[in-house]
Student: 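One structure coming up, written as structure tokens, with questions to follow.
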Amino acid sequence: MTGPLYGLFSQSWRRMISVSNLNKSYSHPDMVLKDVSFKVKKGEFVYLSGPSGAGKTTLFRLLFADLKPDSGQIEVDGLDLMRAQPSRIARLRRRMGIVFQDYKLIPNYTVFDNVALALEIAGTPRRLIQKTVWQVLKVVGVERQLDRLPPQLSGGEQQRVAIARALVNDPQLILADEPTGNLDYEIANEIMNIFNYINSQGATVVMVTHNRALLQRFKRKVFYLDQGILQAYVWPD
Ligand SMILES: Nc1ncnc2c1ncn2[C@@H]1O[C@H](COP(=O)(O)OP(=O)(O)OP(=O)(O)O)[C@@H](O)[C@H]1O
Ligand SMILES: [Mg+2]
């Protein structure tokens with residue numbers, strides 16, 4: 001159904017993520033996620049938090065179909081991840097910026113090439129790639145390392161390259177798993193300012209963090225995961 005009445009019947013056009021009754025276990029019998037449900041509106045910035053081993057990365061991976069749940073529904077930007085064709089999922093991922101907890105940089109590609117790859121896949125002209133990659137590396141503060149290989153960088157520098165790679169194609173949805181985990185206070189603040197800016201420009205952001213100081217400094221809705229159960233709360237002012 002389309003047209004002005006559509007909004008009366010469905011709010012789905014305003015939702016970026018809709019997860020319902022999600023269950024996930026690995027090979028062992030313990031459930032990692034138990035009946036998890038939550039929604040994220042378009043343009044929202046939310047945290048996913050909880051203790052180590054709570055299932056944050058598991059939930060994060062489910063959000064871009066890197067894992068399949070045992071049961072439940074996951075819809076991202078209107079796409080049902082359980083039913084969608086692989087080509088539709090690939091297209092959706094191109095509109096996402098994903099920052100992995102372990103960075104997943106290509107070790108034998110330079111910093112420049114790691115970040116340029118997403119633009120090359122999208123068929124961006126070479127000159128525009130040069131300019132855009134340099135700009136985004138400058139934003140995260142690793143433009144001087146552009147010719148180096150990831151193993152020649154510090155942990156914090158690798159993390160910033162991983163963030164640059166996630167931002168370079170102007171994503172509508174950013175999923176970031178502990179993107180400030182290896183950064184000191186000042187750089188973590190700068191990275192938060194970058195995410196805040198991108199969010200103010202319309203991107204939806206889901207950020208995994210168990211950094212309580214960060215949660216307190218930049219107050220947002222928090223989805224808290226503990227022993228497989230997800231609860232939402234808002235920091236008091
Ligand atoms: N591929 C896997 N196979 C089997 N068990 C796994 C796998 N990945 C994660 N687990 C288990 O699932 C649980 C949740 O792991 P997950 O990585 O999602 O936690 P997390 O909240 O991201 O933790 P951290 O804060 O340490 O990153 C843990 O008990 C972990 O050992
Ligand atoms: Mg994790």
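One is the number of the first residue; the rest follow in order along the sequence. All heavy atoms count here, side chains included; hydrogens, waters and symmetry mates do not. Counting starts at 1 for both ligands and their atoms, in listed order. The model shown is predicted, which means the values in this text are computed figures rather than measured ones.
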Student: Name the closest protein heavy atom to atom 23 (O) of ligand 1, giving the residue it belongs to and the distance to 0.1 Å.
Tutor: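 For atom 23 (O) of ligand 1, the nearest protein heavy atom comes out as G53 N, 2.8 Å.
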Student: Does the D80 side chain pair with the main chain of E75, one donor and one acceptor, at a distance under 3.5 Å?
Tutor: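 Pair absent, no side-chain N/O of D80 close to backbone of E75.
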Student: Look at ligand 1 and say whether G50 reaches it with a heavy atom at a distance under 4.0 Å.
Tutor: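 Not so, G50 does not reach ligand 1.
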Student: Is any NZ, NE, NH1 or NH2 atom of the basic residue among R220 and E44 found under 4.0 Å from an Asp or Glu carboxylate oxygen of the other?
Tutor: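 No.
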Student: Is K24 positioned over the aromatic face of Y26, cation under 6.0 angstrom from the ring centre and no more than 45 degrees off axis?
Tutor: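 Judged by the rule, K24 and Y26 form a cation-pi pair.
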Student: List the closest protein heavy-atom neighbour of atom 27 (O) of ligand 1: residue, atom name, distance to the nearest 0.1 Å.
Tutor: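 That would be Q101 NE2, 2.9 Å.
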Student: Parallel, tilted or perpendicular: which one describes the rings of F60 and F100, with boundaries at 30° and 60°?
Tutor: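 It falls in the perpendicular class, over 60°.
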Student: Looking only at non-hydrogen atoms, find the nearest pair between A164 and V140 and report the distance.
Tutor: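 It is CB-CG2, 3.9 Å.
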Student: Could you check atom 26 (O) of ligand 1 against the protein and tell me its nearest heavy-atom contact, residue, atom and distance included?
Tutor: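 Closest protein heavy atom to atom 26 (O) of ligand 1: S52 OG, 2.6 Å.
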Student: Are any non-hydrogen protein atoms located under 4.0 Å from atom 31 (O) of ligand 1?
Tutor: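 No.
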Student: In this structure, does ligand 1 have an atom that sits under 4.0 Å from one of the heavy atoms of R61?
Tutor: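 The answer is no, since R61 has no heavy atom less than 4.0 Å from ligand 1.
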Student: Is the Mg ion (ligand 2) less than 2.8 Å from an N/O/S atom of Q101, whether that atom is in the backbone or a side chain?
Tutor: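 It does; at least one qualifying atom falls short of 2.8 Å.
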Student: Could you tell me if R93 sits above the aromatic ring of F64, with its cationic atom closer than 6.0 Å to the ring centre and no more than 45 degrees from the axis?
Tutor: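 Negative - R93 is either too far from the ring of F64 or too far off its axis.
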Student: Which atoms form the tightest heavy-atom contact between L149 and T110, and what is the distance?
Tutor: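 Distance-wise, the nearest heavy atoms are CD2-N, 3.7 Å.
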Student: Distance under 4.0 Å to a non-hydrogen atom of H210: what atoms of ligand 1 satisfy this?
Tutor: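 By the 4.0 Å cutoff, the relevant atoms are 25 (O).
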Student: Taking atom types as modelled, is there a side-chain donor on N23 or D70 under 3.5 Å from an acceptor on the other?
Tutor: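 No, no side-chain donor-acceptor pair sits under 3.5 Å.
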Student: What protein heavy atom lies closest to atom 9 (C) of ligand 1? Include the residue and the distance to one decimal.
Tutor: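 Ranking protein heavy atoms by distance from atom 9 (C) of ligand 1, first comes Y26 CE1, 3.4 Å.
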Student: If we ignore hydrogens and angles and just use 3.5 Å, is the side chain of T204 paired with the main-chain N or O of G43 as donor and acceptor?
Tutor: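 Side chain of T204 to backbone of G43: a pair is present.
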Student: Is it true that G55 lies under 4.0 Å from ligand 1, counting heavy atoms only?
Tutor: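 Heavy atoms of G55 do come under 4.0 Å of ligand 1.
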Student: Can you tell me if, anywhere in S52, an N/O/S atom lies at a distance from the Mg ion (ligand 2) that is smaller than 2.8 Å?
Tutor: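 No, S52 does not qualify, because none of its backbone or side-chain N, O or S atoms lies under 2.8 Å.
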Student: Please state which protein non-hydrogen atom is closest to atom 15 (O) of ligand 1 and give its distance, to 0.1 Å?
Tutor: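 Scanning the protein heavy atoms, the shortest distance from atom 15 (O) of ligand 1 goes to T58 OG1, 3.8 Å.
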Student: Provide, to 0.1 Å, the distance between atom 25 (O) of ligand 1 and the closest protein heavy atom, together with that atom's residue and name.
Tutor: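 Among all protein heavy atoms, the one nearest atom 25 (O) of ligand 1 is K56 NZ, 2.7 Å.
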Student: For ligand 1, indicate whether the residue P51 contacts it via side chain, backbone, both or neither (heavy-atom separation under 4.0 Å).
Tutor: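 P51 to ligand 1: backbone contact only, side chain stays beyond 4.0 Å.
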Student: May I ask you to decide whether D77 forms a salt bridge with R15, counting only side-chain N to carboxylate O separations under 4.0 Å?
Tutor: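 No salt bridge links D77 with R15.
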Student: One residue to check: V32. Relative to ligand 1, which of side chain, backbone, both or neither has a non-hydrogen atom less than 4.0 Å away?
Tutor: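 Side chain only.
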Student: Tell me which one of L33, T57, T209 gets a heavy atom nearest to atom 22 (O) of ligand 1.
Tutor: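 Checking each option, the heavy atom nearest atom 22 (O) of ligand 1 is found in T57.
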